[in-house]
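Convention: sequence-line order gives letters A, B, ...; per-chain numbering from 1.
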Amino acid sequence: MLDHEYTTKDVFRENFFKDWRKEMTSEERSIIKDLNKCDFGEMNAMHKAKVEARKYMTKEEKQTLKDANQKIVDEFGYCLLDHHKERIGNFKIEPPGLFRGRGEHPKRGMLKKRIQPEDVIINCSKESNIPVPPAGHHWKEVRHDNTVTWLASWTENIQGSIKYIMLNANSKLKGEKDWEKYEVARKLKTCVDDIRYQYNQDLKSKQMSTRQRAVALYFIDKLALRAGNEKEEGETADTVGCCSLRVEHITLHDKLDGDEYVVEFDFLGKDSIRYYNKVPVIKKAFKNLKLFMENKEPGDDLFDHLTTQKLNKHLSSLMAGLTAKVFRTYNASITLQQQLKELTNKMILSYNRANRAVAILCNHQRAPPKTFEQSMANLQAKIDTRKEQLALAKSELKQAKKEAKSKDNSDPKALVERKKAAVKRCEDQLLKMELQATDREENKQIALGTSKLNYLDPRISVAWCKKFGVPLEKIYNKSQRDKFAWAIDMTEEDFEF
DNA sequence: AGCGTAACTTAGGAAGAAATAC
DNA sequence: GTATTTCTTCCTAAGTTACGCT
C-alpha cells in the first residue's frame, strides 16, 4: 500500500491531498494542511497484518471464505439472456479508491468515488425480474434497450466516462462477436493485395491528405500500429498511435547499419508502453515522411491532414467492415499461421515461439517479473549442476567400457548400456533446461497473453493441435477453452485462416 | 464535414491459487 | 510441511469505432 511507487510521485500526492481535503470537515481541514506531515504508518501496519493473517489461515478457514465467495458468484454472477443462463464478466461495482492511471497520467491519485444505486442505470427486458435496489435506495433509471449488450452502467467521476456491466467472454453473445471479428480479418486476406497496391499508388498522389493516408496505412499494415485517435490534452497520459504521431516520435536515417531509408520510432503507445523500432521502409514512404516533416516543430503532428475518422472512412470504402484495427488482427493471425508452418517442430515451445513473434509484432510488453534475475540465476545453477553430473556420467561410461574390455565380467555389456543410458538422460535433461532458459530469457519483457486472447484466430491453434496431436490443454487453459468454445467446436485440422 | 459521446475491445498489473522446489 | 515460483483470475484503465447531432 504505502510502499507502492505511486506514493512517491508528486502528481499522485497532490491530487490525492486536494481530493482528500474536499472530503474533510472544516475542522479537519484547518488541522490537516500538509500531506508530508501525515503519518499513515498505523493504517499501513494494519493492512499488512491483515494480508499476513490471510496467509496463515487454516485450510478450513480458506474453504469457508471460498464458499462465501462462490455464493456471491452464484447469486449475482449470472444473468438470463435469450433464455440462456450466462456468466457476467464484471458483476461487481468498482469500489472507491485512488485513481491509478498508467504512465504520466495527470489525474493519478484523484479520489474515485463510491458508486450509489442512485448512480446506476439498469438495462434489462421489461418482463424480467428487475433487480431490487438496496433498501432505502433507488436506481438512477431502469431501461429496456435491447440494441445494446450491457446490463448496468454508471458514470465514473475521474474522466466522466461510462462504465458497463457486461457478459463474460465465454457467453454466446461475445463468442459470436469474436467469430465475426476473425471473419472480417479473413476477408481482408482476400483483398489485402489490392489494398496494398492501392496505397502504394497513393504514395505518389498529388493530394497531401491522400499521401499521408497512404503512409499511415503502410505503417499500420507493416508495423501493426494502432489507429491513434486524438486525445484531449491534460486529461490523459501523453500517448500516441499511428495517426497521432508527432514529428518528435520519428527520426529518419538515409542509411543505418547497412540499411537504406530507415525510420526510427520512439513513442509511448497504449498504456504508456514504449514503442521503439528501427525499420527500413520503401523509398517512396521515406521521401514522403521527409516532406511531411518539412518546416514543422518536434511537437507538430506528423500527419496533419489525417484523422482516424478519415482513415477508417476510406478503409470501409475498400471493404465492408474494414477499419484500422482489422489490420492488427489480420497480421497477427496470418503471422501465427505462417510461423506454425515454418516451425515444423511440433512442440509446445515452437508454439510459444510463434506466439512470441506475434507479441513482438504487436508490441505486447510486460514488466520483467520482480524475481526474474534471481530465478534465472537459480536455473543457471541447476544447469551447471547438471553439467557436472553429465561429466561424471561420461567418465563413468568410459570406465565401464574399459572394464568391459579388460575383465571377463559376467555381463559387461549391461553395465556399459546402463551408463550410456545415464549419459543420454543427463544430456536430455540438460538440453531441456537450456531450452527453458532460452525460452524464459526471450520472454522476459514479452506478454503472450494479449495476442492469444485478442488477436489470434483460435481456429489456427485448434487446427494445429489437431494436426500434430498436441492436446489443446497445452495451448489453452480452462477459461481460454471456454472463451474459444465456438472455435473448438467448428474447427477441423485443415482449417486455413 | 466535424465533433462528442456511447459502446465495445484490448491491455498490463495485482492478487490469489496452484504447482514445484527445498 | 513450508517456501518459492509459476500460472490463472480479477480488475479496471485505455484504446477503437459507430453513430447521432449540428
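- A pairwise comparison of heavy atoms in A:G160 and A:T155 identifies O-CG2, 3.6 Å as the closest pair.
- Two residues, A:K177 and A:K66, neighbour DNA chain B, and the one matched to the more 5' nucleotide by heavy-atom proximity is A:K177.
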Side-chain donor-acceptor pairs under 3.5 Å in residues 66-83 of chain A, sequence neighbours left out?
{"residue": "A:D67", "atom": "OD1", "partner": "A:Q63", "partner atom": "NE2", "Å": "3.0"}
{"residue": "A:Q70", "atom": "NE2", "partner": "A:D74", "partner atom": "OD1", "Å": "2.9"}

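- What separates CD of A:Q480 from P of C:dC7 is a distance of 12 Å, to the nearest Å.
- Contact annotation: the side chain of A:L311 approaches that of A:R213 to within less than 4.5 Å [non-hydrogen atoms, C-beta and beyond].
- The 5' end of DNA chain B is approached more closely, in terms of each residue's nearest nucleotide, by A:S153 than by the other of A:S153 and A:R328.
- A:Y455 and A:R328 share a side-chain donor-acceptor pair at under 3.5 Å.
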Assign a letter to each nucleotide of nucleotides 10-18 of chain C from its 5' end: B, base within under 4.0 Å of a protein heavy atom; S, sugar-phosphate only; -, no contact.
--BSBSBBS

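- A:K55 comes within 4.0 angstrom of nothing in the nucleic acid, heavy atoms only.
- A straight line from NZ of A:K313 to C1' of B:dG2 spans 10 Å, rounded to a whole angstrom.
- Whole-Å rounding puts the A:L167 CG to B:dA7 P distance at 15 Å.
- At whole-Å resolution of the value, OH in A:Y455 and C1' in B:dG12 are 13 Å apart.
- For the pair A:K478 and C:dC7, the criterion of a side-chain N or O lying under 4.0 Å from OP1 or OP2 is not met.
- Note that OG1 of A:T7 and NZ of A:K9 are 10.0 Å apart. Values are rounded to the nearest 0.5 Å.
- The 12-atom threshold is exceeded at CE of A:M490, counting heavy atoms of other residues, nucleotides or ligands nearer than 6.0 Å.
- Using a 4.0 Å cut-off, some side-chain N or O of A:H4 falls inside it from OP1 or OP2 of B:dA14.
- In this structure, the CZ atom of A:R481 is 12 Å from the C1' atom of C:dT8, given to the nearest Å.
- Put simply, CG on A:N477 is 5 Å from P on C:dT9, counting in whole angstrom units.
- Whole-Å rounding puts the A:D457 CG to B:dT9 C1' distance at 16 Å.
- OP1 or OP2 of B:dC8 sits under 4.0 Å from a side-chain N or O of A:T149.
- One interatomic measurement links the two molecules: OH of A:Y6 to C1' of B:dA14, which rounds to 11 Å at whole-angstrom precision.
- Of all nucleotides listed (B:dG13, B:dA11, C:dT6), B:dA11 comes nearest to the side chain of A:N454.
- Using a 4.5 Å heavy-atom threshold, the side chains of A:L98 and A:L111 count as touching.
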